[in-house]
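Order of the sequence lines sets the chain letters (A, B, ...), proteins ahead of strands, with each chain counted from 1.
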Amino acid sequence: MLHDTQQKFLEGIFSEEYPEILSSVANVGDFSPEQRFQVYQNNAKLILTDILKRLYPVVMALVGEDFFRYLAFSYIKAEPPKTCDMTFYGDSFGQFLKSFAPLKDLNYMSDVADMEWAWYKSGMAGRKTALTAEFLADITEDNIPELKFNFQPSVLLLDSTYAVDKIWQAVTDNETEQLSDIKLEQDTYLIIYCPSDKDVTFLSVDKPTYSFVKALYNGNNLNLALEQAIAIDADFIPDQHIAYFITNSMFTVNE
Amino acid sequence: MSASSTYYKADMKAFTMPDLVNTSSGVGLRAIHHEDVLRERPNVGFLEVHSENFFHFDAPHFKDLMILREDYPISLHCIGLSLGSADGLDKQHVEKLKQLIEIIEPASVSEHVSWSRLSNITVPDLLPMPMIEEALEIMIQNTNDLQESLGRKILMENPSSYLAFNDCDMTEPEFLTELSLSSGCGLLLDVNNIYVSAHNLGFDAEEYLRHIPAERVAEIHLAGYQINPVDDLGDIYIDAHNNPVHDPVWDLYEKTIALIGDKPTLIEWDNDLPSLEVLVGEAHKADKIRQKYIPSDSRGDNAA
């Protein structure tokens, strides 16, 4: 019986129909069972919408707060939380936007959401002991091609066929009037990382560099990563990139 | 019928008070105050955190808790165990809590008399339990299973309620008493919740208090509620934790400790958070009231 009651209660929370559970609610005092139940419906909606608002402020700025609430509730109904640990609730929001009919003409929106999610995830990822320049002292010419690098958990890669970084920057800098000047369809390659404990940032790179980093990121050795970058740009030189990643503590030591 | 005939006499388990006794009042530690608390080390008796916010040990804010646990007793207050769920315990959730407890070594661990998960769907809220025997049995079973898994007793908090179910077998104080006596858990008495529920459901808060077993209460919570007008019918009070403690709740708090004795007390503030100074000021206000009810020969020096 308790299971049945809780099942109906749960269905009512995410429903816009008249909830079946109301027949089990005592009709006491000045308020109807429906008004009383609405407190729980509103609480759940408010808490989950607030989570999504915090995670996706750029999407919200682009679609407007009222539409975002509608969008958020559509997502909440389609994908209610599975666990009480809400740390990673909202991870599939970008994917959801891809198939959300009212946004079908704004294809870039899901990629903007993916960038926001990567931003949050990077900030939550924590840090391991960083690889320092001293490490390079032990490298001999013979073992360079076989070198592999481990990236900090906070380093995330994102590519898009839209200028999501420029859109993100314009909204974050409160310069939305510049949005109309942005050429939307632009291949974009981003390395999102967290150089200190709490300040996430991103690096916008060209395609050869991204291919190089992605190959390393996927566990390939330096030789293979270099081959992939050179296939796109015969003049590609990795030195400055490796130096930048070490300076910004983006690699970790093997532990 | 009375549930007490079923449980009270049958299986009465001892309860040991957690290590929050004889401290000055504590405050809920929220992300926005981490830096201030680390810098200022305010004079409060303990810090309480929501366990689920610290389930990811690599997250940057986890380090803050690791530092603060050296200087303050920590209370882990759970909001997602869903101990009233007819589905039983979420073993993954319990395992994560167990790991957190091993790392933090908290003075106290607590949860709510509520549920939030069923059939792999979760509502991030504390949903109400029908006050029926089956619900009590399930909550006792889940609490027992949890305590066995953790190897320690927990505290269970009375909920804030906006509705009641038809066909109840017992009152909420009876439910809490039976839960405590049968599972051996202690009680965390949220005075704001009593006030809010009494207003919303039309019962007498002081009468409620008279039916709470004082010796099982190990902690008190205080918070500010929100007044939500409903059409022209009146106001529903929401346990929003977004205000200072309201005057009627302070009054009820004083009546509570006059009745059940001084207890470790915590100020909860989760939304529209004030400065740390204001939050700590609320804890010191609680201390002043508590001082009146602490026997002079057992007063410590640490109360503000």
**OP:** Specify which of A:V25, A:I47, A:I13, A:N43 makes the most heavy-atom pairs with chain B at under 4.5 Å.
**Re:** A:V25
Original post:
Most heavy-atom pairs under 4.5 angstrom with chain A, which of B:I132, B:I138, B:L126?
Top reply: B:I138
Original post:
With a cut-off of 6.0 Å (strictly less than), are more than 12 heavy atoms of other residues, nucleotides or ligands near CD of B:E207?
Top reply: yes
Original post:
Does atom NZ of A:K53 have more than 12 heavy-atom neighbours from other groups under 6.0 Å away?
Top reply: yes
Subject >> Top of A:C84, A:G126, A:A44 for chain B proximity - count of heavy-atom pairs under 4.5 angstrom >> reply: A:C84
Subject >> Value rounded to 0.5 Å, distance of CG in B:L118 from CG in A:L2 >> reply: 8.5 Å
**OP:** Measure distances from A:Q38 to the heavy atoms of chain B and classify the residue's part below 4.5 Å as side chain, backbone, both or neither.
**Re:** neither
Original post:
Distance-only, no hydrogens or angles: does the A:Q6 side chain make a donor-acceptor pair with backbone N or O of B:D87 under 3.5 Å?
Top reply: no
Subject >> Under 4.5 Å from a heavy atom of chain B, the part of A:I21 involved >> reply: side chain
Original post:
At what distance, to the nearest 0.5 angstrom, does OG1 of A:T5 lie from CD of B:E134?
Top reply: 7.5 Å
Original post:
For chain A, which residues from residues 228-236 of chain B have at least one heavy atom closer than 4.5 Å to it?
Top reply: B:V230, B:D231, B:L233, B:G234, B:D235, B:I236
Subject >> A:F9 and B:F165 aromatic ring geometry - parallel, tilted or perpendicular at 30°/60° bounds >> reply: tilted
Original post:
Are the side chain of A:Y40 and the backbone N or O of B:Y162 linked by a donor-acceptor pair below 3.5 Å?
Top reply: yes
**OP:** Using a cut-off of under 4.5 Å on heavy-atom pairs, state which of A:I76, A:D50, A:V28, A:L48 scores highest against chain B.
**Re:** A:L48
**OP:** Please answer whether the main-chain N or O of B:L201 pairs with a side-chain N or O of A:R36 as donor and acceptor at a distance below 3.5 Å.
**Re:** no
**OP:** First locate atom CG of B:N200, then atom CG of A:D30, and finally report the distance between them rounded to the nearest 0.5 Å.
**Re:** 11.0 Å
**OP:** Could you check which of B:L127, B:D167, B:L81, B:N53 has the highest count of heavy-atom pairs closer than 4.5 Å to chain A?
**Re:** B:L127
Original post:
Which value, rounded to the nearest 0.5 Å, describes the distance between A:R127 atom CZ and B:K63 atom NZ?
Top reply: 7.5 Å
**OP:** For each of B:A240, B:S85, B:S82, tally heavy-atom pairs with chain A at distances under 4.5 Å, and name the one with the top tally.
**Re:** B:S85
Original post:
Side chain, backbone, both or neither: which part of B:I79 has a heavy atom under 4.5 Å from chain A?
Top reply: neither
Original post:
Which residues pass the ring pair (Phe, Tyr, Trp, His ring centres under 6.0 Å) test with B:W269, sequence neighbours left out?
Top reply: none
Check: residues 85-92 of chain A side-chain donor-acceptor pairs under 3.5 Å, at least two apart:
unit_1, atom_1, unit_2, atom_2, d
A:D85, OD1, A:T87, N, 3.1
A:D85, OD1, A:T87, OG1, 2.5
A:D85, OD2, B:H56, NE2, 2.8
A:T87, OG1, B:H56, NE2, 3.4
A:Y89, OH, A:E79, O, 2.8
A:S92, OG, A:Y75, OH, 2.7
A:S92, OG, A:E79, OE1, 2.5

**OP:** Give a yes or no on whether A:Y70 atom OH has more than 12 heavy-atom contacts from other residues, nucleotides or ligands under 6.0 Å away.
**Re:** no
**OP:** Decide side-chain contact (heavy atoms from CB on, under 4.5 Å) for B:R117 and A:K82; before the verdict, give the C-alpha distance in whole Å, the side-chain angles of both, and the deciding distance to 0.1 Å.
**Re:** CA-CA 8 Å; B:R117 175 186 50 78; A:K82 291 183 171 57; over 6 Å; no
**OP:** Please round to the nearest 0.5 Å and tell me the distance separating atom NZ of A:K45 and atom CG of B:D125.
**Re:** 14.0 Å
Subject >> Close side-chain approach of A:H3 and B:S119, heavy atoms under 4.5 Å >> reply: yes
Original post:
Highest number of heavy-atom pairs under 4.5 Å with chain B: which of A:S154, A:P153, A:P81?
Top reply: A:P81
Subject >> Which of B:P128, B:G202, B:A59, B:S116 touches chain A most, by non-hydrogen pairs under 4.5 Å >> reply: B:P128
**OP:** Sort B:F55 into side chain, backbone, both or neither according to what part of it lies under 4.5 angstrom from a heavy atom of chain A.
**Re:** side chain
Original post:
Quick one: are A:F14 and B:V123 in side-chain contact, heavy atoms under 4.5 Å?
Top reply: yes
Original post:
Quick one: side chain to side chain donor-acceptor pair (under 3.5 Å) pairs with a partner in residues 14-27 of chain A, sequence neighbours left out?
Top reply: A:E16-A:K77
Original post:
Given the options B:S161, B:G80, B:P124, B:C78, which has more heavy-atom pairs under 4.5 Å with chain A than any of the others?
Top reply: B:P124
Original post:
Is atom NZ of A:K121 surrounded by more than 12 heavy atoms (other residues, nucleotides or ligands) closer than 6.0 Å?
Top reply: no
